[in-house]
2 protein chains.
Amino acid sequence: MDELRLLHGNICQALGDPKRIQILYALHDEPRHVSALACALDMPQPTVSRHLRVLRQRAMVKTERYGPAVVYSITSPKIIAILDEMRNFLRQTLERQSNILS
Amino acid sequence: MDELRLLHGNICQALGDPKRIQILYALHDEPRHVSALACALDMPQPTVSRHLRVLRQRAMVKTERYGPAVVYSITSPKIIAILDEMRNFLRQTLERQSNILS
DNA sequence: TCCATGTATTCGTCTATCCGAATACATACA
DNA sequence: TGTATGTATTCGGATAGACGAATACATGGA
């Protein structure tokens with residue numbers, strides 16, 4: 001199996017969790033530190049931290065430390081553009097058939 | 001949790017398996033029936049069939065029957081465009097840092 | 001109807017992922 | 001150095017996903 005394909009799949013897999021998508025959109029809206037994210041998205045702090053680690057390992061988000069707080073932000077808006085295109089693809093699909101996944 | 005976001009994650013998750021990415025690219029190259037896919041990609045036929053089911057449930061591939069054989073094809077080239085953009089994103093990332101995921 | 005071809009599903013098992021709870025770690029400041 | 005604040009990790013259990021092997025199902029023709 002080609003390594004590039006493995007990484008390719010890894011990127012997609014990281015996007016496979018709805019919470020991580022939610023986090024990416026929230027960070028695109030504006031960079032935040034972990035607790036602020038946890039509060040805004042109504043998730044426990046460790047959960048947010050774990051998801052952020054996954055995104056960071058794939059270089060989708062980057063960090064900057066301000067004292068004890070760590071501010072996360074989107075590495076590149078391109079990932080959001082890709083997510084938006086997926087959403088459009090999904091919408092088109094739903095228009096054609098409303099029984100997707102059911 | 002928003003249902004659209006769940007579906008959004010579901011689409012991404014379906015792309016999260018390298019073999020499914022491989023299958024999508026192969027079908028984009030040209031439509032094939034299951035056995036031809038299995039042979040070309042060197043996977044057992046049940047494995048290919050299972051992955052195709054996942055892609056079909058998400059409307060990424062469609063089928064047409066010719067006798068006992070079932071020919072699968074890409075529903076829309078858009079999904080390939082999205083995969084290509086991901087690949088580009090991945091390449092850019094690898095240029096910046098070569099230790100991704102390590 | 002029986003058989004050949006091709007496809008889909010089931011079963012059992014293994015692995016990966018996710019979560020809550022608890023806790024360890026890091027930083028800044030008194 | 002001790003404490004407060006904020007972040008990351010570990011642990012155990014539950015759940016989902018993927019695989020090989022075997023088998024069931026579907027179609028068309030003899």
Side-chain angles (χ1 to χ4, degrees), chain A residues 1-2 5-24 26-27 30-73 101-102, chain B residues 1-2 5-24 26-27 30-73 101-102:
Chain A
M1 182 78 65
D2 183 33
R5 186 174 298 117
L6 277 177
L7 291 175
H8 201 173
N10 238 300
I11 293 281
C12 295
Q13 189 187 18
L15 299 176
D17 189 300
K19 292 189 179 179
R20 284 198 284 268
I21 294 179
Q22 207 175 352
I23 288 174
L24 284 173
L27 291 182
E30 66 173 334
R32 300 169 212 246
H33 60 276
V34 181
S35 299
L37 257 182
C39 180
L41 304 181
D42 195 29
M43 304 179 194
Q45 175 266 323
T47 295
V48 173
S49 189
R50 270 186 303 234
H51 284 306
L52 284 171
R53 179 173 54 177
V54 173
L55 296 173
R56 190 175 11 125
Q57 284 172 332
R58 281 136 182 101
M60 295 181 189
V61 299
K62 60 187 177 190
T63 62
E64 196 169 353
R65 186 176 273 279
Y66 292 101
V70 177
V71 172
Y72 279 78
S73 56
L101 285 180
S102 63
Chain B
M1 183 78 66
D2 182 34
R5 185 174 298 119
L6 278 177
L7 292 175
H8 201 173
N10 240 302
I11 294 281
C12 295
Q13 191 186 17
L15 299 176
D17 189 301
K19 292 189 179 179
R20 284 198 283 269
I21 295 179
Q22 208 175 350
I23 288 174
L24 284 173
L27 291 181
E30 65 173 335
R32 302 169 212 245
H33 60 276
V34 181
S35 299
L37 256 182
C39 180
L41 304 181
D42 195 28
M43 303 178 194
Q45 176 266 321
T47 295
V48 172
S49 189
R50 271 186 305 236
H51 284 306
L52 284 171
R53 178 173 55 177
V54 173
L55 296 173
R56 190 174 12 124
Q57 285 172 333
R58 281 141 182 96
M60 297 181 187
V61 299
K62 61 188 176 191
T63 62
E64 195 169 354
R65 185 177 274 280
Y66 292 101
V70 178
V71 171
Y72 280 78
S73 57
L101 286 181
S102 64

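We name chains A, B, ... by the order of the sequence lines, and we start the count at 1 in each one. Quantities reported herein were computed from a predicted structural model and do not represent experimental measurements.
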Trainee: How many angstroms lie between atom OG1 of A/Thr63 and atom NE2 of A/His33, to the nearest 0.5 angstrom?
Mentor: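 Taking OG1 in A/Thr63 and NE2 in A/His33, the distance rounds to 14.0 Å.
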Trainee: Out of curiosity, A/Ile21 CD1 to B/Gln13 CD, how far, rounded to the nearest 0.5 Å?
Mentor: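 Output value for this atom pair is 10.0 Å.
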Trainee: B/Ser49 near the nucleic acid: base, sugar-phosphate alone, or nothing, with a heavy-atom cut-off under 4.0 Å?
Mentor: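 Contact class for B/Ser49: base.
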Trainee: Along DNA chain D, 5' to 3', what are the outermost nucleotides having an atom less than 4.0 Å from a heavy atom of chain B?
Mentor: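 For DNA chain D, the relevant span reads D/dG17 to D/dG28.
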Trainee: Pairs of donor and acceptor atoms involving the side chains of residues 65-73 of chain A, under 3.5 Å and at least two apart or interchain, shall be tabulated with distances.
Mentor:
residue, atom, partner, partner atom, Å
A/Arg65, NH1, A/Gly67, O, 3.3
A/Arg65, NH1, A/Pro68, O, 3.3
A/Tyr66, OH, A/Glu64, OE2, 3.2

Trainee: On DNA chain C, does the nearest nucleotide to A/Gln45 precede the nearest nucleotide to B/Val70 from the 5' side, or the other way round? Give the residue.
Mentor: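 It is B/Val70, whose closest nucleotide lies nearer the 5' terminus.
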Trainee: Any side-chain heavy-atom pair from B/Arg58 and B/Leu7 closer than 4.5 angstrom?
Mentor: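 Contact flag for B/Arg58/B/Leu7 side chains = no.
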Trainee: Can you give me the bend angle of the helix from C/dT1-D/dA30 to C/dA30-D/dT1? Use the axis through the first five pairs and the one through the last five, nearest 10 degrees.
Mentor: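 About 10°, once rounded to a multiple of 10°.
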Trainee: Rounded to the nearest 0.5 Å, how far does CG of A/Leu27 lie from NZ of A/Lys62?
Mentor: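 It comes to 11.5 Å.
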Trainee: When the side chains of residues 39-55 of chain B are checked against the rest of the protein, which donor-acceptor pairs come out under 3.5 Å, sequence neighbours left out?
Mentor:
residue, atom, partner, partner atom, Å
B/Thr47, OG1, B/Arg50, NH2, 3.4
B/His51, ND1, B/Arg20, NH1, 3.1

Trainee: Nearest-Å distance, CZ (A/Arg53) to C1' (C/dC25)?
Mentor: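 A/Arg53 atom CZ is separated from C/dC25 atom C1' by 14 Å.
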Trainee: Under 3.5 Å, which N/O atoms of the protein pair with N/O atoms of nucleotides 15-21 of chain C?
Mentor:
residue, atom, partner, partner atom, Å
C/dT17, OP1, A/Gln13, NE2, 3.2
C/dC18, OP1, A/Asp17, OD2, 3.4
C/dC18, OP1, A/Arg20, NH1, 3.4
C/dC18, OP1, A/Arg20, NH2, 2.9
C/dC19, OP1, A/Lys19, NZ, 2.8
C/dC19, OP2, A/His51, NE2, 2.8
C/dG20, OP2, A/Thr47, OG1, 3.2
C/dG20, N7, A/Arg50, NH2, 3.3
C/dG20, O6, A/Arg50, NH1, 2.6

Trainee: Using the side chain to side chain contact (heavy atoms under 4.5 Å, CB included) rule, take A/Leu15 and B/Leu15 through it: C-alpha gap first, then chi angles, then the decisive distance, then the call.
Mentor: CA-CA 9 Å; A/Leu15 299 176; B/Leu15 299 176; over 6 Å; no
Trainee: Is A/Tyr66 touching bases, backbone alone, or none of the nucleic acid, heavy atoms closer than 4.0 Å?
Mentor: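 No contact at all - A/Tyr66 keeps every heavy atom at 4.0 Å or more from the nucleic acid.
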